[in-house]
Amino acid sequence: MDAESLYNTLKNIIINKTLIEVSFVPTQGDGEYQPFILMENCLGIPFPIVPKSLEYLKKKFVELRKDKSLNYKEIDYCTKCILLFNGEYITAWNERKNLIQLGYIKPEFDLQFTKLCLTKHPKSSNLWYHRQWILKRYEELINFDKEFEIIEKSINRYATNYFAWNHRIWLLNYMTIQKLIDEFKSTQSSMYKHVSDHAGWNYLLTIFKRIVSIYKEDINNKNKLNELKILWNEHIEFVKKSLKEFPGHETIWYYLRILAGFVYQNKDIIYKNEKEDIISFFEKEITFINNEYLNENNVNILLVEEKFALQYKAWLYSLFENNITKEDYNKLLTEIENYQCMSDDQSLYYLIDIIHRIQVKV
Amino acid sequence: MSEIKVEQFPIKLEVEKHLKYLKELNNHQDELEYWLSEALRLNGIYWGVTATYILDHPEIYDSKEISKFILSCQNEDGGFGGCTDHDSHLLYTLSAIQVLAICDTLSEVNKDKVVKYVAKLQNPDGSFSGDEWGEVDTRFSYCALSCLKILHRLDAVDVPKAVEYVKKCMNFDGGFGSVESAESHSGQIFCCVGALAIVDRLDIVDADKLGWWLAERQLPNGGLNGRPEKLEDVCYSWWVLSSLSIIDRIHWINKEKLINFILSCQDTETGGFSDRQGDMVDVFHTLFGITGLSLLGYPNLAKVDPVYCMPVSTIERLNIKTRTYNQI
Ligand SMILES: [Zn+2]
């Protein structure tokens with residue numbers, strides 16, 4: 001079939017069907033819309049027709065843009081076809097933004113259309129931005145449940161999807177404090193679904209950061225500060241529980257590090273109304289690591305967990321530099337050396353280097 | 001440290017095969033990948049051209065013809081599109097300027113127009129939009145600053161504001177994300193550290209903390225990943241390695257293991273590199289495999305500048321060197 005007929009067939013599908021999913025497929029179909037395959041509103045585009053279709057579509061698109069009569073209807077179809085093939089085709093998205101601004105395309109329509117394209121191109125940054133661009137201009141169209149559903153699906157299609165998580169972070173801008181707290185709690189309780197997704201942990205911290213920055217405005221309100229402290233304590237408990245439930249996950253240990261950095265920076269808010277100060281946080285953490293992970297009697301600890309624990313301990317030391325003695329550093333160095341002997345893993349070279357340099361300062 | 005020798009490794013760099021692969025890239029116009037990458041053709045040309053220069057065979061492409069094509073992608077607004085008849089974007093404008101700089105044909109472009117295009121994309125908070133439609137990302141800060149530095153026109157933007165924005169995207173782990181609060185990511189780290197190096201503001205970076213995070217990207221098989229618990233990938237051997245080089249912490253990773261990993265990602269039959277062993281090769285991973293090896297001191301390669309990801313010889317000719325970076 002020639003490229004123009006392919007275009008007309010695809011156009012017909014777009015006009016007549018409400019598509020819910022797109023994918024590339026290895027074989028050609030022989031049904032009503034051949035060579036495309038349609039099954040329950042899922043569109044299969046056969047690989048072999050992609051090159052000639054894209055070549056034709058580019059030529060067509062360029063002609064349409066240069067044509068002074070501005071055939072919006074055809075530009076609408078042509079860009080849709082291009083984007084079903086290639087979510088990163090930025091000039092086609094731009095043209096659609098143009099048509100939205102002109103009032104020719106309804107913004108609601110492209111929310112639907114981007115949702116469809118994400119089934120094929122979950123990692124296309126231009127696609128995610130098109131959606132964000134619409135929502136920024138038409139805030140009344142922001143529906144958290146709908147957005148979360150799309151994000152969730154994209155993350156399931158491609159784990160640690162940087163763009164999907166960033167979209168979720170961006171949505172926080174539109175949440176009230178109560179909504180933020182709900183989101184924090186529900187994200188926390190669904191973390192077990194993507195423990196190894198560092199982006200998910202980063203997202204948790206981002207929500208907490210937003211919550212703290214709102215509480216900060218009301219810094220003399222004791223009740224509020226207590227609420228915040230409870231939220232924090234629960235959260236730290238949750239992370240520790242996750243360490244136990246999901247051993248061997250580097251991501252959780254990384255999360256502890258950024259949490260420690262965060263709480264240190266915000267000690268005046270999170271540890272304000274308490275007898276215990278930020279040092280008590282530090283001491284608790286060190287005791288926890290020593291008892292649970294660096295204790296010789298504890299034979300059930302994986303070597304890799306021991307490594308993560310040593311890294312976290314060194315991280316805390318570098319954060320609370322002023323509370324660490326020369327002996328502490330020496331002990332940590334011995335622990336690292338022991339680990340290296342046991343594991344035959346020499347990769348902690350950088351840590352030794354850092355500790356040596358801090359030691360000179362002490 | 002000891003010099004790297006070809007014989008140290010079970011496989012060698014297949015220079016001839018890679019040159020053949022690069023030379024034939026444009027002959028595949030009937031293939032899927034050719035058309036799926038059409039919208040970012042200028043990036044592709046930059047990856048290919050730079051790779052031939054680092055392989056020390058710049059004659060592989062006809063630089064006159066390439067420059068002519070690049071210039072045909074410049075739009076009225078002064079920016080460059082990903083290919084002919086595409087809208088301007090910083091990602092392609094930088095690639096265009098880089099290729100013209102490498103081919104020494106910068107004199108053929110209207111520089112003022114390019115500078116005006118780039119400068120217009122800076123936002124009041126110092127960040128840069130990728131194009132007129134407003135997407136913000138620290139990648140675009142890097143594109144803008146690198147492009148202007150190559151053109152010797154950093155004066156056209158507010159550099160302190162640009163630095164302020166990059167700083168806002170720094171995380172508690174010492175790394176950087178694409179926007180404020182976005183997760184640290186090796187590719188974004190390269191862009192942010194590179195941008196800061198270009199404007200001589202590396203004092204913003206906590207080198208030990210960032211180097212620590214970057215050093216931990218090396219996996220037992222020698223390859224580097226881009227974020228915790230992700231798979232190793234040849235392109236990250238570049239993003240991570242160049243960042244470590246810029247902050248003087250490159251000795252924190254095991255270079256032999258990494259060279260071994262990169263070499264194992266070559267297709268020794270067709271030429272080219274893939275993200276990891278056994279996958280399809282592409283020009284993107286081919287460039288970063290080769291630049292990675294160059295930065296690691298692998299023999300018989302031209303030196304690459306970690307900040308600009310361009311041949312050191314080009315950087316010296318342009319007189320925009322930020323400083324000399326240590327190889328291992
Ligand atoms: Zn890659």
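Below, chains carry the letters A, B, ... as their sequence lines are ordered, and counting in each starts from 1.
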Examine whether an atom of [X] lies under 4.5 Å from a heavy atom of chain B, and if so say whether it belongs to the side chain, the backbone or both; otherwise answer neither.
X        : value
A/Ser53  : neither
A/Phe24  : side chain
A/Ala314 : both
A/Trp315 : both
A/Tyr264 : neither
A/Asp197 : neither
A/Gln265 : side chain
A/Tyr254 : side chain
A/Leu259 : neither
A/Ile169 : side chain
A/Leu172 : neither
A/Lys52  : neither

Please tell me if the side chains of [X] and [Y] come closer than 4.5 Å, counting only heavy atoms from C-beta onward.
X        : Y        : answer
B/Leu296 : B/Leu258 : yes
A/Trp133 : A/Trp93  : no
B/Cys147 : B/Thr93  : yes
A/Phe320 : A/Ile278 : yes
B/Lys120 : B/Asp77  : no

Both conditions, 6.0 Å and 45 degrees, for the charged tip of A/Arg257 above the ring of A/Phe262: are they met here?
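That pair does not qualify as a cation-pi contact.
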A/Arg131 charged N/C atom sitting above A/Trp128 aromatic ring, 6.0 Å / 45°
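So A/Arg131 doesn't make the cation-pi contact.
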Classify the ring geometry between A/Tyr255 and A/Trp201 as parallel (under 30°), tilted (30 to 60°) or perpendicular (over 60°).
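It falls in the tilted class, 30° to 60°.
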Relative to the ring of A/Tyr89, is the ring of A/Phe61 parallel (under 30°), tilted (30 to 60°) or perpendicular (over 60°)?
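Taking A/Tyr89 first and then A/Phe61, their aromatic rings stand perpendicular (interplane angle over 60°).
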Option that, when pairs with chain B are counted at under 4.5 Å, heavy atom only, ranks first among [options]:
options                               : result
A/Asn86, A/Leu54, A/Asn94             : A/Asn94
A/Lys136, A/Arg210, A/Arg357, A/Arg65 : A/Arg357
A/Ala260, A/Ser125, A/Gly261          : A/Gly261
A/Glu95, A/His249, A/Gln346           : A/His249
A/Lys209, A/Gln132, A/Gln311, A/Lys58 : A/Lys58
A/Pro48, A/Ala199, A/Ala92, A/Ser347  : A/Ala199

Quick one: OH on A/Tyr203 to NE2 on A/His194, what's the gap to the nearest 0.5 Å?
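Here the interatomic distance stands at 10.0 Å.
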Atom OH of A/Tyr162 and atom NE2 of B/His185: how far apart are they, to the nearest 0.5 Å?
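If I round to the nearest 0.5 Å, the distance is 6.0 Å.
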Less than 6.0 angstrom separating the ring centers of A/Tyr312 and A/Phe308, yes or no?
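Ring centroids of A/Tyr312 and A/Phe308 are no less than 6.0 Å from each other.
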If you take the centroid of each ring, where Trp contributes its six-membered ring, are B/Trp239 and B/Phe190 closer together than 6.0 Å?
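Under 6.0 Å, so yes.
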At a 4.5 Å cut-off on heavy atoms, which part of [X] comes close to chain A: side chain, backbone, both, or neither?
X        : answer
B/Gln218 : neither
B/Asp137 : neither
B/Thr84  : both
B/Lys230 : side chain
B/Asp30  : backbone

Among [options], residue most engaged with chain A (heavy-atom pairs, under 4.5 Å):
options                     : value
B/Asp208, B/Asp173, B/Asp87 : B/Asp87
B/Glu38, B/Glu132, B/His89  : B/Glu38
B/Arg227, B/Glu31, B/Glu180 : B/Arg227

Could you check whether B/Arg217 pairs with A/Glu250 (Lys NZ or Arg NE/NH1/NH2 to Asp/Glu carboxylate O, under 4.0 Å)?
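Between A/Glu250 and B/Arg217 there is a salt bridge, with a charged N closer than 4.0 Å to a carboxylate O.
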Taking A/Lys66 first and then B/Asp85, would you say they form a salt bridge - that is, a charged N and a carboxylate O separated by under 4.0 Å?
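Looking at B/Asp85 together with A/Lys66, the answer is yes, because their closest N to O distance falls below 4.0 Å.
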